[in-house]
**Student:** 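Sharing a structure here in structure tokens format.
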Amino acid sequence: MSVKVVEAKKYSVKSLERLIGSAVKELGLDLQNRTKRTAVLKPNIVIPAKPSSAIITHPAVVEATISVLEENGFETRNITIAEGSGLGADESRVFEVSGYSELAARKGVNLVNLNSLNNSLNNSLNNSLKKAERTELRWKYGVLKIPKIVLDADLYVNLPKMKTHGQTVVTLSMKNQKGLLLNSDKKRFHNLGLHEPLVELAKVVKPDLVVVDGVEGMEGEGPLNGKKKRVGVLVLGTNLLEVDTACCEIMGVKPESVEHIRAGRKQKIGPAKLNLFGVKVKEEKEEGGVKKKFKQANKKYGNILNVYSWRNPYACSMCIDSFSLAVKTGVRSPKYWLRFVPRFSYYALFKRLDVIQGKHAKIPEQHGKVICLGDCTREIAKKNNLTHIKGCPPNPHDILEALSK
Ligand code: SF4
């Protein structure tokens with residue numbers, strides 16, 4: 001096993017295609033001798049976001065990968081882009097806003113919404129509806145339902161974005177696989193503690209190829225609220241742990257500080273020694289150095305002014321994303337201007353709000369008004385007589401109503 005790091009300064013499909021094509025050969029991956037020549041590509045499209053936001057895998061990287069497959073005899077009708085976006089994301093807009101609907105229609109590949117149990121978004125060229133059927137796999141925690149198309153494909157390509165993450169330090173190929181799960185299993189993942197389940201998932205679902213979009217990454221309060229970071233690389237490999245470790249080196253993150261990487265090493269899901277080739281992973285100040293120090297997310301909380309959201313590995317990110325969406329909606333909708341905005345601004349500027357979420361949530365030592373988000377915090381809210389907003393994840397309108405009172 002080995003990892004190749006290639007310099008890729010911009011999202012030019014032609015040059016990305018050339019880089020991916022030659023890296024695949026150097027990795028020794030034989031694309032020609034595939035019996036069925038069916039492929040599933042799994043980018044990270046966690047929410048409806050534009051490619052320029054650096055929140056999602058840029059469609060140009062996926063398009064270049066499709067072209068490499070075409071060169072190797074894969075027909076586009078046998079290639080599928082599949083993603084199950086984050087809990088609570090607006091499903092109807094995910095593929096449109098991100099540019100993937102347009103890409104699928106133009107290239108004639110299938111586009112499957114893995115969150116939709118009985119149907120898929122089909123492209124305009126291929127008008128047949130396909131099911132995102134699931135196959136049951138046994139894993140450490142019982143049974144896991146994985147999309148059949150991924151398990152049946154001749155080639156499964158995992159295409160994550162290079163980002164920091166408030167709960168897992170980084171989000172790369174191991175974390176990207178969470179998008180393969182049903183929403184109920186995504187929630188269960190958090191209830192099981194997130195890090196160990198990521199390792200267990202990596203044991204039962206293994207990609208043939210990983211292509212990390214590090215042309216532009218995201219640093220700071222990722223996976224959604226960080227800043228764009230230009231890195232100028234693609235990282236390719238065949239082992240999840242090895243690729244993620246290499247990305248950490250590039251991002252200036254100690255791999256051992258990432259709990260799921262530490263657990264993966266302990267369980268030997270990747271090689272003991274990192275075998276890197278391609279451009280040297282040297283410090284940025286050195287000639288040709290590709291290392292870029294990523295600012296990490298605050299480990300305990302994220303805050304804007306005096307509004308603190310407390311991190312908890314047992315909490316799904318979509319609980320707090322619903323809260324962010326509620327605030328954005330409140331600020332933009334005139335109907336909330338009189339009720340919500342003055343009250344929220346008062347707390348944000350002159351007082352303090354502390355939002356807690358997830359199973360085992362704790363009340364912070366120092367706090368202002370505590371808001372308990374989601375069904376997981378029902379008990380703690382009841383016991384301490386705190387404001388509770390129900391839902392799993394809570395509905396942004398319920399959050400707005402609660403904050404307007
Ligand atoms: S309430 Fe929130 S944290 Fe708890 S399972 Fe539901 S979405 Fe996840």
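Because only heavy atoms are used, hydrogens play no part in the values below, and waters and symmetry mates are left out as well, while side chains stay in. Indexing begins at 1, ligand by ligand and atom by atom, following the structure's order.
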**Student:** Less than 4.0 angstrom from a charged side-chain N to a carboxylate O is my criterion; do Glu200 and Lys203 meet it?
**Tutor:** yes

**Student:** State the count of protein N/O/S atoms located less than 2.8 Å away from atom 4 (Fe) of ligand 1.
**Tutor:** 1

**Student:** Does Arg93 come within less than 4.0 Å of Glu96, counting only side-chain N to carboxylate O?
**Tutor:** no

**Student:** Considering only NZ, NE, NH1 and NH2 on the basic side and carboxylate oxygens on the acidic side, decide whether Arg134 and Glu136 come within less than 4.0 Å.
**Tutor:** no

**Student:** Would you give the length of the straight line joining atom CD of Glu401 to atom CD1 of Ile399, rounded to the nearest 0.5 angstrom?
**Tutor:** 11.5 Å

**Student:** Which atoms from ligand 1 have a heavy atom of Gly391 less than 4.0 Å away?
**Tutor:** 1 (S)

**Student:** Is any NZ, NE, NH1 or NH2 atom of the basic residue among Glu102 and Arg106 found under 4.0 Å from an Asp or Glu carboxylate oxygen of the other?
**Tutor:** yes

**Student:** Output yes when Glu216 and Lys229 qualify as a salt bridge under the 4.0 Å nitrogen-oxygen rule, no when they do not.
**Tutor:** no

**Student:** Please determine whether a side-chain nitrogen of the Lys or Arg among Lys293 and Glu219 lies less than 4.0 Å from a carboxylate oxygen of the Asp or Glu.
**Tutor:** no

**Student:** Tell me whether ligand 1 is touched by Pro394 - counting only heavy atoms on the residue side and a distance under 4.0 Å.
**Tutor:** no

